[in-house]
Structures are given as structure tokens and as C-alpha cells.
Amino acid sequence: MRAITIREPGGPDVLELAEVPDPSAAPGEVVVEVAATGVNRADLMQREGHYAPPPGASPYPGLECSGTVADVGDGVEGWSVGDEVCALLAGGGYAERVRVPAGQLLPRPQGVDLIDAAGLPEVTCTVWSNVFMTAGLRPGEVLLVHGGSSGIGTMAIQLGREAGARVAVTAGSEDKLRRCEELGAEVLVNYREQDFVEVVREATEGHGADVVLDNMGAKYLGRNVQVLAPNGRVVTIGLQGGRRGELDLGALLAKRAAVIATSLRARPASEKATIVAAVREHVWPLIEAGRVRPVIHARLPLAEAAAGHRLLEESGHVGKVLLTT
């Protein structure tokens, strides 16, 4: 089969399409013939040499895919050759075939074509596990989503809206904020021109945000605590603004608040299976009803993976960038 390999750590040009051995299904796994894969910032970090795959995972980038079941390993129940699926991966999506633990498979949702379904696993599992399973967002609460126009951000807006929360977002342009508003965001903050603490507090009559979904890390740590409502929860899922910051524990204590950091890729397969099952139960019905949808910015051939990485690095996209086989 063909897969995107990383010649050496570096820029997008180190991504090369090469012939590699086909994967085989171990017990409890299936092999998926890939139709498309999503491009995620973790892929860029892996390409740069900053985010190695977990032990035993494929060396090729790609944390999600869609496609057709091509082989079923021993002990797998509920899946058959020919099933159209999408999957959460620890790696290997940038390839024509990938092996997947059966617990990380999802059926292609009705109403979503097979290519676009590749843009669902990572964002739905990230948002559901962090905003709902970890932070416990409730109806009537305020959810602040940093990077609202990203793939994760566009899904968080929709799921927050469907949960009955009031959604606030940050983004870097008026066009991106308009797109966020179309998805259901009510409080719009241009982070290049406005202070999100001031805007969110004013829009909520001083209450602040009950849950903050943060992709920035150190750069926003102090202000994330400032914007929190009493009993608020910050969930940090990315470090685009740095790894080390200063935390005012006094402010956190006064608000009875929490700062939580999580990742998805390195979790044990059993935890991922629990998240995937919850997504299938709670999110898939919303997608099949047409209330929630994947937001796709671009679809590129797998051979143009470097161009997909450049799109994310330029931050001009809204939603997901997909690579098709």
C-alpha cells in the first residue's frame, strides 16, 4: 500500500508518499481501507519531531479516518467486511489501509458521505470527552471555546448549542467569527482586537464562563482563570501558546474552580472505546438528525499532504482539512 512517511523532522516538504507493507488485523482489530483522513495539529507536531506515536502505534501520521472494513480479526463482533465506518486512531490514517481496535470504530452516520465522515472521529471524541465527560457542561451554562473556527471549535459550538449552553468563541478574523455565529456561537471575540475576559464578562453580566475549552495553554492560563465563573472548569487540550505558565492558586481557590489538562491519543484503548461508545450514543443521533455536521474546509489528495499541513499552519481554514486516497 501507499502511505505518507516522514523523511526526517522538519517542514511540510518532509512528507513523502511511499510504498509500505500492508497492515494485518490482530485479534480484536479490523483493517480499514481508507477513503479519507483528517489533518490535525498533532500531525504537524509529529512531523516536526515533537509528538511521537504511542508504543505499538503506526509510525505514519493520521489520527482519524473513514473507509470500508477490509478485514476482521479474531474475536471482533458487530463489524463485517464491507461496512462503511470512521475511526479514531493512534496513528496511521495517512495511508491506504490502517488497522484499528474494534472499539474505536463508528458506523458512517446516515446523511454524511464517506469522505466527510473522516472529519468526525477526532473532533467528536475530543469535544465529548472534554466538554461533557470531564467538564460536565450543563444546560444554561456558558461555554467559552478558544479557536472557535478550528475543527474542534466548530464541533464544540454545535454540541454546546445542542446541550442548551450559551457558547462564546475566540477567533482571529471577522469572517471566522461570522462562521462561528452561523453554527450557534452567541458571544464573539476577535482575539487580535479584544480581551476575551472583558467581552465574556460583559456579555454574561459579570458571570463569566462555566467551562473553557482551551487550545493555547500557557499564554491564556491566567486569563482563563480570570474569565471563569464560580465553580468553573478550564480544560486544556493544546499548547499552541506554550507549555509553562504561572497559575494564581488563590484566584482558583476563591472561585472553587479547576484547571484540567487532557490528551486523547495516548489514552489506553479501553478508555478510547468508552469515549467512542459515548459519542455513538449521544452525538451520532444529532448528526443523523442533521442538527450537527462536520465542517469541511478542503479535501485534498493524499499525495498533497504537505499542502494540507500548510493550510493548518497558515490558520486560514474553518473546520477540517481532509486528505483523500
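Numbers here are sequence positions counted from 1. Hydrogens, waters and symmetry mates play no part in the numbers below; they use all other heavy atoms, side chains included. No experiment lies behind these values; they were computed from the predicted model shown.
Side chains of Leu105 and Val100 form a contact here, defined as non-hydrogen atoms less than 4.5 Å apart. Side chains of Gln240 and Arg41 form a contact here, defined as non-hydrogen atoms less than 4.5 Å apart. Between Val20 and Arg2, every side-chain heavy-atom pair lies at or beyond the 4.5 Å cut-off. Taking 4.5 Å as the limit, every side-chain heavy atom of Val69 sits out of range of all side-chain heavy atoms of Val31. You'll find the side chain of Leu15 reaches within 4.5 Å of the side chain of Ile6, heavy atoms only. In this structure the side chain of Thr262 reaches within 4.5 angstrom of the side chain of Arg267, judged on heavy atoms.
Within 6.0 Å of the NZ atom in Lys219, the count of heavy atoms belonging to other residues, nucleotides or ligands does not exceed 12. The neighbour count for Arg233 CZ, taken as heavy atoms of other residues, nucleotides or ligands under 6.0 Å away, is above 12. Other residues, nucleotides and ligands contribute more than 12 heavy atoms inside 6.0 Å of the CZ atom of Arg256.
Between Ser149 and Cys180, the shortest heavy-atom distance links the atoms N-SG, 3.7 Å. Between Gly160 and Leu137, the shortest heavy-atom distance links the atoms CA-CD2, 4.2 Å. Nearest heavy atom pair, residue Leu120 against residue Pro109, reads CD1-CG, 3.7 Å. Looking at every heavy atom in both residues, Val39 comes nearest to Gly308 through CG1-O, 4.2 Å. Across all their heavy atoms, Gly147 and Ser150 have their closest contact at O-OG, 2.8 Å. For Ala298 against Leu311, the heavy-atom pair with the smallest separation is CB-CD1, 4.0 Å.
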*Kindly indicate, with the supporting measurements, whether the criterion side-chain contact (heavy atoms from CB on, under 4.5 Å) is fulfilled by Glu122 and Leu88.*
CA-CA 6 Å; Glu122 182 73 14; Leu88 183 70; 3.3 Å; yes
_I'd like to know whether Arg47 forms a side-chain contact (heavy atoms from CB on, under 4.5 Å) with His309, so could you lay out the CA-CA distance, the side-chain angles of the two residues, the decisive distance to 0.1 Å, and finally the verdict._
CA-CA 10 Å; Arg47 187 202 74 216; His309 279 218; 2.9 Å; yes
*Dump the intermediate steps for side-chain contact (heavy atoms from CB on, under 4.5 Å) on Val131 and Leu143, then the final yes or no.*
CA-CA 9 Å; Val131 174; Leu143 169 65; 4.2 Å; yes
*asked:* As a quick check of understanding, evaluate side-chain contact (heavy atoms from CB on, under 4.5 Å) for Val34 and Glu96, giving each step before the final call.
replied: CA-CA 5 Å; Val34 176; Glu96 292 176 331; 5.8 Å; no
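Each of Val30 and Val276 belongs to its own hydrophobic cluster when Ile, Leu, Val, Met, Phe, Trp and Tyr are linked at side-chain heavy-atom distances under 4.5 angstrom. Residues Leu323 and Leu44 share a hydrophobic cluster, clusters being chains of Ile/Leu/Val/Met/Phe/Trp/Tyr side chains in contact below 4.5 Å.
Under the 4.0 Å criterion applied to side-chain N and carboxylate O atoms, Arg138 and Glu141 are assigned as salt-bridge partners.
Distance check: Thr236 OG1 to Leu221 CG gives 7.0 Å after rounding to the nearest 0.5 Å. Once rounded to the nearest 0.5 Å, the distance linking CG of Leu228 with CZ of Arg223 reads 13.5 Å. The distance from the CD atom of Glu8 to the CD atom of Glu48 is 13.0 Å, given to the nearest 0.5 Å. Taking OG1 of Thr124 as the reference point, atom CD1 of Ile275 lies at 10.0 Å (rounded to 0.5 Å). With values rounded to the nearest 0.5 angstrom, Ile237 atom CD1 is found 6.5 Å from Asn215 atom CG. Rounding to the nearest 0.5 angstrom, the gap separating the CD atom in Glu174 from the CG atom in Leu188 is 8.5 Å.
When atom types are taken as modelled, the side chain of Trp284 and the backbone of Pro107 share a donor-acceptor pair closer than 3.5 angstrom. Formation of a donor-acceptor pair under 3.5 Å by the Asn130 side chain with backbone atoms of Val127 is not found in this model. Arg201 contributes a side-chain N or O that, together with a main-chain N or O of Gly206, makes up a donor-acceptor pair within less than 3.5 Å. The closest donor-acceptor contact from the side chain of Glu64 to the backbone of Ala36 lies at 3.5 Å or more, if one exists at all. A donor-acceptor pair under 3.5 Å is formed between the side chain of Asn224 and the backbone N or O of Tyr220. For the pair Glu198 (side chain) and Gln194 (backbone), a donor-acceptor distance under 3.5 Å is absent. A donor-acceptor contact shorter than 3.5 Å links the side chain of Arg108 to the backbone of Val112. Remark: the backbone N or O of Val142 is paired with a side-chain donor or acceptor of Asp210 at under 3.5 angstrom. Side chain of Lys255 to backbone of Val225: a donor-acceptor contact under 3.5 angstrom is found. With hydrogens and angles ignored, the 3.5 Å screen pairs a side-chain donor or acceptor of Gln158 with a backbone N or O of Arg293.
No donor-acceptor contact under 3.5 angstrom links the side chains of Asn190 and Lys176, judged on distance only.
Both the sub-6.0 Å distance and the 45° axial angle are satisfied by Arg265 relative to the ring of Tyr51.
For Asp13, the side-chain hydrogen bond (donor to acceptor under 3.5 Å, both in side chains) test picks out Arg310, with sequence neighbours left out. For Arg291, the side-chain hydrogen bond (donor to acceptor under 3.5 Å, both in side chains) partners at least two apart in sequence or on another chain are Glu162.
For His146 and Tyr191, the ring centers are positioned 6.0 Å apart or more.
Of the candidates Asp83, Val85, Leu114, Leu114 is the only one forming a side chain to side chain contact (heavy atoms under 4.5 Å, CB included) with Thr68.
Note: His297 and His317 have perpendicular aromatic rings, judged against thresholds of 30 and 60 degrees for the angle between ring planes.
The other members of the hydrophobic cluster of Ile115, by chain and number, are Ile296, Leu322 (side-chain heavy atoms under 4.5 Å, ILVMFWY only).
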